[in-house]
Amino acid sequence: MSDLDDIFAEDWPEDHRSGVVAVVGRPNVGKSTLINRILGQKIAIVTDKPQTTRKQQLGIYTEPNGQILFTDTPGLHRPHHKLGEYMVDAAEHAIKDADLILWVLDSSQPLQEGDRHIAATLERLGGDTPVVLALNKTDQLAADVDLSEHLAIFPHDNAMQVSGLQGTGVAQLVEFLLRQLPHGPRYYPADQVSEVNMRFVAAEVIREKIILNTEQEIPHSVAVGIEEYKERSEGGVYINATIYVERDSQKGILIGKGGEMIKRLGSESRRELEDMLETKVFLDLHIKVLKNWRSDPELMKRLGYRQPKMDKR
């Protein structure tokens with residue numbers, strides 16, 4: 001072995017396994033909650049609103065014998081505008097690139113049309129990629145519930161009952177997933193849990209607080225851009241963020257009476273970011289109107305929603 005080979009040699013066992021697991025499921029089945037539970041920390045925002053996840057996010061789980069790269073995809077659904085098309089394209093791209101597909105189903109509810117739409121999508125795109133069913137939300141199940149319909153929805157290699165919220169069955173699920181991956185190297189350092197930077201995290205935290213504090217069309221019409229992210233020499237972090245909405249009426253709702261809403265959003269976002277960063281955060285929030293940005297490809301690119309390049313094989 002040359003000196004150069006020795007420098008880049010990694011210390012992992014011969015049976016080390018690694019690969020990409022695409023996490024799919026219709027909106028609001030608990031995908032992000034499950035990924036956050038597996039990783040032991042929050043990398044994806046969690047709300048009870050559909051289509052909270054908009055961009056594919058990478059979660060990195062590492063143990064001595066393997067590394068799983070989880071892609072937390074936007075919920076597969078029938079799109080109604082360009083943003084919806086972007087989200088579906090991102091999810092389909094993840095499916096085609098995966099070594100394994102983890103399909104999260106809400107076991108506390110009967111199957112829905114969205115689940116059958118995903119089955120058709122996997123039949124079209126999945127090829128020979130193995131599928132594992134995660135029957136989530138078991139903490140909400142009655143003891144005598146019949147899950148036969150869930151189990152019959154698609155050919156799969158295994159089905160496991162889990163609770164992303166409480167952690168039940170999660171360790172067993174991860175152990176099974178790791179055993180199904182091919183032998184391979186460690187792609188990321190053992191202490192890294194995500195590839196996203198803090199600008200992205202800050203934008204997602206602010207968007208999460210908007211979703212949690214507003215109703216109707218507001219959560220779906222909002223995008224957040226980080227104009228400036230700077231570590232101050234005297235300590236702390238300065239973040240300048242712009243909240244984009246589609247209509248003047250939405251801007252008024254986010255400002256609130258006497259500025260009450262935007263103050264609340266700023267306060268809640270700042271507290272969570274300070275907990276994450278373990279330092280003081282100075283947060284400036286501004287609101288701008290970009291009419292119908294979700295239907296304008298150029299405005300979407302400006303806000304960071306770029307269509308993934310699909311492999312046409």
Is any side-chain heavy atom of V21 less than 4.5 Å from a side-chain heavy atom of V132? no

Answer with yes or no whether the side chains of Y238 and D284 bring together a donor and an acceptor at under 3.5 Å. yes

Mind checking the CG-CG spacing from D106 to N28? Nearest 0.5 Å is all I need. 8.0 Å

Worked verdict on L58 versus I60 for side chain to side chain contact (heavy atoms under 4.5 Å, CB included): CA-CA 6 Å; L58 183 68; I60 305 164; 4.2 Å; yes

Contact between L135 and L151 at the side-chain level, heavy atoms closer than 4.5 Å - yes or no? yes

Group every Ile, Leu, Val, Met, Phe, Trp and Tyr by side-chain heavy-atom contacts under 4.5 Å, then state whether M276 and F282 land in the same group. no

Any non-hydrogen side-chain atom of Y244 less than 4.5 Å from a side-chain atom of V289? no

Is it the case that the side chain of R26 and the backbone of G114 share a donor-acceptor pair, with hydrogens and angles ignored and the cut-off at 3.5 Å? no

Which atom names give the shortest non-hydrogen contact between S108 and Q140, and what distance separates them? OG-OE1, 3.5 Å

Check R207 with E204, please: is the shortest side-chain N to carboxylate O separation under 4.0 Å? yes

Enter the distance from H286:NE2 to T242:OG1 here, rounded to the nearest 0.5 Å. 6.0 Å

Taking C-beta and beyond as the side chain, do R294 and E246 meet within less than 4.5 Å on heavy atoms? yes

Between I255 and I206, is there a shared hydrophobic cluster once you connect ILVMFWY residues whose side-chain heavy atoms come closer than 4.5 Å? yes

V224 and A241: which non-hydrogen atoms are nearest, and at how many Å? CG1-CB, 4.4 Å

Applying side chain to side chain contact (heavy atoms under 4.5 Å, CB included), run through K230 and I239 and close with a yes or a no. CA-CA 7 Å; K230 182 184 297 183; I239 302 172; over 6 Å; no

Ion pair check, R116 and E149, cut-off under 4.0 Å: yes

Is any side-chain heavy atom of L273 less than 4.5 Å from a side-chain heavy atom of R270? no

So does E272 pair up with K209, basic N to acidic O under 4.0 Å? yes

Which atoms form the tightest heavy-atom contact between W103 and I153, and what is the distance? CH2-CD1, 3.7 Å

Side chain to side chain contact (heavy atoms under 4.5 Å, CB included) for L105 and D115? Distances and angles first, verdict last. CA-CA 8 Å; L105 291 161; D115 299 309; 3.5 Å; yes

Single-linkage hydrophobic cluster V174~L165, side-chain heavy atoms < 4.5 angstrom: no

Using modelled atom types and a 3.5 Å cut-off, is there a donor and acceptor pairing between side-chain atoms of H156 and backbone atoms of F154? yes

Heavy-atom closest contact (V104 atom, V29 atom, distance): O-CG2, 3.4 Å

Using the rule given for side chain to side chain contact (heavy atoms under 4.5 Å, CB included), can you reason through K291 versus R247, listing the C-alpha separation, both sets of side-chain angles and the distance that settles it, and then say yes or no? CA-CA 6 Å; K291 294 189 182 298; R247 294 195 292 274; 5.6 Å; no

For a 4.5 angstrom cut-off between non-hydrogen side-chain atoms, does I287 reach V245? yes

E234 atom CD, over 12 foreign heavy atoms within 6.0 Å: yes

Determine whether R186 and H16 make a side-chain contact, defined as any pair of heavy atoms from C-beta on separated by less than 4.5 Å. yes

Does atom CD (E228) have a neighbourhood of more than 12 heavy atoms from anything else shown, all under 6.0 Å? yes

Of all heavy-atom pairs between R17 and L181, which one has the smallest distance, and what is that distance? NH1-O, 2.6 Å

Give the cluster check for V237 versus V205: same hydrophobic cluster or not, with ILVMFWY residues linked at side-chain heavy-atom distances below 4.5 Å. yes

Rounded distance (nearest 0.5 Å) linking atom OG of S107 with atom NZ of K137: 9.0 Å

For T138 and Q161, does a side-chain donor sit closer than 3.5 Å to a side-chain acceptor? no

For R264 and N213, which I'm curious about, is there any donor-acceptor pair between the side chains at under 3.5 Å? yes

Would the number of heavy atoms belonging to other residues, nucleotides or ligands and lying under 6.0 Å from NZ of K263 be above 12? no

Mind checking whether N136 and T33 have side chains closer than 4.5 Å, heavy atoms only? no

With a 3.5 Å distance limit and no angle check, can you tell me whether Q180 reaches the backbone of F176 through a side-chain donor-acceptor pair? yes

Is there a continuous path of hydrophobic side-chain contacts, each under 4.5 Å between heavy atoms, that joins L285 to M198? yes

Count the heavy atoms of every other residue, nucleotide or ligand shown that sit under 6.0 Å from CD of E231, and state whether that count exceeds 12. no

Shortest non-hydrogen contact from P155 to V131? O-CB, 4.0 Å

Output the distance between atom OG (S194) and atom CZ (F200), rounded to the nearest 0.5 Å. 7.5 Å

Drop me the distance from I101's CD1 to K96's NZ, to the nearest 0.5 angstrom. 12.0 Å

Hey, could you give me the CE/CG distance between M261 and L254, rounded to the nearest 0.5 Å? 7.0 Å

